[in-house]
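Take a look at the structure below.
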Amino acid sequence: MLSSFLLFPITMYYFSPVLIIMGAVRGIITGSFIMFMVMFLVAIFFGRIICGWICPAGGLQEICTSVNDNRVVEKKYNKIKYLLWFPWLSVIVACVFIAGGLYTIDPFFGTKLGISIAEPSEYIIFYFFVGLIVILSITIGRRGFCHCVCWMAPFMIIGNKLGAYLRTNFIRIKGNKDRCINCKVCSSKCAMSLPVQEMVQNNSMESAECILCGVCVDACPNKAISFAVGPKFGKRTESSSIS
């Protein structure tokens, strides 16, 4: 994630919520449109692994945890991103309708030779987003941007739920309540402020907000939490875990 953040000036427009609208008005499938669809498809098979391992905003927020490592984000903040996402998605659909459909593919739309921030003046946009991510992470809590604003998260949450329904989620977190000693270290370390210890005790590790970062796996002193390969339910027996 830190490497991804260092590349953010190059890749930023491929995550842009604005460029996709600008392209939709012209009937163009932009790089951000392609990126969001890739996120959705990846989530069907691997959950929100992009959030936990690749997202540049995630890398920056991990740095911010040194400021507010103990600030837990309340569940109510998770709803805010949907209040922003649905109107934004509606605008995109309306723009596509006005344009008469999507009939051109331009992955580099809005960039210069594929580079997002190619002019000094464009750093104003870059630092606006960086500032937004930092402010939300510091004021609201760990991964504050992910909880409140992220327009990419709903794509992956929907994809993850679809994968669970189709039984195609092949990477997940597994808990063993028999090994749990109720120390709650996992909950205190969770990047998404989830009650991991309760989830282990209830034998239910599935959560739309879990980003598969593996912090709880590393933090558990008694190895009660592990990565698991294979869907939880299905015709096949559960595959082996990766401790």
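Heavy-atom basis, side chains included; hydrogens, waters and symmetry copies ignored.
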- Taking the inter-plane angle between the rings of W88 and W85 on a 0 to 90° scale, is it parallel (under 30°), tilted (30 to 60°) or perpendicular (over 60°)?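 W88 and W85: tilted rings.
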
- Query: With under 30° as parallel and over 60° as perpendicular, where do the rings of F155 and F36 fit, or are they tilted in between?
  - Reply: parallel

- Does a side chain donor of either N182 or Q201 reach within less than 3.5 Å of an acceptor in the other side chain? yes

[X] vs [Y] side-chain heavy atoms within contact, under 4.5 Å:
{"X": "S116", "Y": "F8", "result": "no"}
{"X": "C210", "Y": "M205", "result": "no"}
{"X": "M37", "Y": "I29", "result": "no"}
{"X": "L19", "Y": "M22", "result": "yes"}
{"X": "F227", "Y": "I173", "result": "yes"}
{"X": "F108", "Y": "D106", "result": "yes"}
{"X": "R143", "Y": "V73", "result": "no"}
{"X": "Y82", "Y": "I80", "result": "no"}

For residues [X] and [Y], report the shortest heavy-atom separation together with the two atoms involved.
{"X": "I92", "Y": "I20", "value": "CD1-CG2, 3.7 Å"}
{"X": "C51", "Y": "M156", "value": "SG-CE, 3.3 Å"}
{"X": "I115", "Y": "T111", "value": "O-CB, 3.4 Å"}
{"X": "M1", "Y": "G58", "value": "SD-C, 3.8 Å"}

Distance-only, no hydrogens or angles: does the [X] side chain make a donor-acceptor pair with backbone N or O of [Y] under 3.5 Å?
{"X": "Y13", "Y": "I117", "answer": "no"}
{"X": "Y14", "Y": "I34", "answer": "no"}
{"X": "S137", "Y": "Q61", "answer": "no"}

Does [X] belong to the same Ile/Leu/Val/Met/Phe/Trp/Tyr cluster as [Y], with side-chain heavy atoms less than 4.5 Å apart forming each link?
{"X": "F128", "Y": "I140", "value": "yes"}
{"X": "F109", "Y": "I10", "value": "no"}
{"X": "V18", "Y": "W151", "value": "yes"}
{"X": "L7", "Y": "F129", "value": "no"}

Taking distance alone, no hydrogens or angles, what donor-acceptor pairs closer than 3.5 Å link side-chain atoms of residues 213-222 to residues at least two apart or in another chain?
from : atom 1 : to   : atom 2 : distance (Å)
N222 : ND2    : R179 : O      : 2.6

- Task: Might you work through the salt bridge (Lys or Arg N to Asp or Glu O under 4.0 Å) test for E209 and K81, ending with a clear yes or no?
- Result: CA-CA 12 Å; E209 296 300 324; K81 59 178 172 284; 3.2 Å; yes

